[in-house]
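Let me begin by presenting the structure, written as structure tokens, before commenting on it.
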Amino acid sequence: MTSAVEPRFYTQTWDLSYRHALGDTTSRFLAGLAEQRILGRRCPSCERVIVPARSFCDRDHTATSDWVEVATAGVVEMFTIVHEAFRGLPDPPYALAYATLDGADTALVGYVRGLDLTDLPSAVATLAVGNRVRVAFSDTPTGTAADYWFEPA
């Protein structure tokens, strides 16, 4: 006969720092941001343009080939508005969106600026799936993904 045992829990907090080797593909993608360009790579097998640029296609695992510059406007695929604080991220509220830029076949994630996040119904309507956004670039690039963001089109 087995007796029921209440589950036990404990809480952990992990504070990890990472140092990532960027490699040629990510380095060139980030350099493109500093030039106010969004670069992707074409898969020679399925012919998709993958943004952000990746060395291998996530669909068929083929090494990507040609560099392709895509447009700086596209369509929202999904979004979220964050109201809880997370270490290392902006103070809430802030919005993130995945958008497929014109000429790309995969979505790029980025922060969204230019929204009144205190008016939640309006912000949600502006970021609705299928709505258009445009990419804006920093005037002082840092060589990171913080060099661009989306704004409502």
Side-chain angles (χ1 to χ4, degrees), residues 12-117 120-153:
Q12 287 183 316
T13 301
W14 294 32
D15 189 4
L16 303 174
S17 297
Y18 292 92
R19 184 170 184 237
H20 298 277
L22 298 179
D24 293 337
T25 302
T26 301
S27 293
R28 185 154 177 202
F29 174 77
L30 293 173
L33 294 177
E35 300 166 357
Q36 300 192 352
R37 300 168 52 208
I38 304 290
L39 299 174
R41 298 266 297 200
R42 185 178 314 279
C43 173
S45 177
C46 67
E47 299 188 4
R48 293 184 315 143
V49 174
I50 301 168
V51 174
R54 290 180 279 244
S55 299
F56 289 87
C57 177
D58 57 335
R59 179 178 287 167
D60 53 39
H61 310 290
T62 301
T64 56
S65 57
D66 303 328
W67 285 94
V68 178
E69 184 174 353
V70 300
T72 56
V75 176
V76 173
E77 301 291 343
M78 64 181 256
F79 72 93
T80 189
I81 298 173
V82 179
H83 294 275
E84 295 294 325
F86 291 92
R87 186 178 311 168
L89 295 177
D91 290 335
Y94 59 90
L96 292 165
Y98 278 85
T100 301
L101 301 177
D102 300 340
D105 294 295
T106 58
L108 176 68
V109 66
Y111 290 103
V112 182
R113 296 185 187 174
L115 292 173
D116 178 3
L117 296 176
L120 199 55
S122 176
V124 168
T126 300
L127 288 176
V129 171
N131 284 357
R132 296 196 53 87
V133 291
R134 68 176 191 84
V135 178
F137 294 94
S138 173
D139 291 331
T140 54
T142 60
T144 69
D147 289 346
Y148 75 94
W149 59 90
F150 297 125
E151 295 177 348

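Remember, predicted model here, so these are calculated numbers, not experimental data. Along the sequence shown, residues are numbered consecutively beginning with 1.
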Atom of Val51, atom of Gly40 and distance for their closest heavy-atom approach = CG2-CA, 3.7 Å
Separation between CG (Leu22) and CG (Leu30), nearest 0.5 Å, reads 6.0 Å
Exactly one candidate in Tyr148, Phe79, Tyr94 meets ring-ring contact (aromatic ring centres under 6.0 Å, His included) with Tyr111; the answer is Tyr94
Sequence-distant partners of Phe29, ring pair (Phe, Tyr, Trp, His ring centres under 6.0 Å), two or more places apart = none
Value for OG1 (Thr72) from CZ (Phe150), rounded to nearest 0.5 Å, stands at 10.5 Å
Side chain of Asn131, backbone of Val76: donor and acceptor closer than 3.5 Å?
-> no
Provide the closest heavy-atom pair for Ala104 versus Val70 in the form atom of the first, atom of the second, distance.
-> N-CG1, 3.9 Å
Rounded distance (nearest 0.5 Å) linking atom CZ of Arg37 with atom CZ of Arg28 = 7.0 Å
Ignoring hydrogens and angles, tell me if any N or O in the side chain of Thr144 forms a donor-acceptor pair with the backbone of Ala146 under 3.5 Å.
-> yes
Flag yes if more than 12 heavy atoms outside Asp91 fall under 6.0 Å of its CG atom; otherwise flag no.
-> no
Under 3.5 Å side-chain donor-acceptor pair for Asp147 and Thr142 = yes
Do Arg42 and Trp67 meet the cation-pi criteria used here (NZ or CZ under 6.0 Å from the six-membered ring centre, within 45° of the axis)?
-> no
Here the pair of heavy atoms bringing Thr13 nearest to Arg87 is CG2-NH2, 4.3 Å
Yes or no on side chain to side chain contact (heavy atoms under 4.5 Å, CB included) for Phe56 and Ile50, after CA distance, side-chain angles and deciding distance?
-> CA-CA 9 Å; Phe56 289 87; Ile50 301 168; over 6 Å; no
What one should report as the nearest heavy-atom pair of Pro92 and Val82 is CB-O, 3.6 Å
Would you say Asp116 has more than 12 foreign heavy atoms packed within less than 6.0 Å of its CG?
-> yes
Counting only heavy atoms not in Tyr98, do more than 12 fall under 6.0 Å of its OH?
-> no
Mind checking whether Arg59 and Thr106 have side chains closer than 4.5 Å, heavy atoms only?
-> no
For Asp60, enumerate each residue passing the salt bridge (charged side-chain N to carboxylate O under 4.0 Å, His left out) test, keeping only those at least two apart in sequence or located in another chain.
-> none
Could you state the interatomic distance from CZ (Arg41) to OG1 (Thr64), rounded to the nearest 0.5 Å?
-> 3.5 Å
Before giving the answer on side chain to side chain contact (heavy atoms under 4.5 Å, CB included), spell out for Leu33 and Ile38 the whole-Å C-alpha distance, their side-chain angles and the decisive distance to 0.1 Å.
-> CA-CA 6 Å; Leu33 294 177; Ile38 304 290; 3.5 Å; yes
CG-OG1 distance between Leu117 and Thr126, expressed to the nearest 0.5 angstrom = 9.5 Å
CA sep, side-chain torsions, deciding dist, call: Val133, Val112, side chain to side chain contact (heavy atoms under 4.5 Å, CB included) | CA-CA 9 Å; Val133 291; Val112 182; 5.5 Å; no
For Gly74 against Asp102, the heavy-atom pair lying closest together | CA-OD1, 3.8 Å
Sequence neighbours excluded, the answer for salt bridge (charged side-chain N to carboxylate O under 4.0 Å, His left out) partners of Arg134 is Glu151
In Å and rounded to the nearest 0.5 Å, what is the CG to SG distance from Asp105 to Cys46?
-> 7.5 Å
Minimum-distance pair of heavy atoms, taken over all atoms of Leu108 and Pro52 | CD1-CD, 3.7 Å
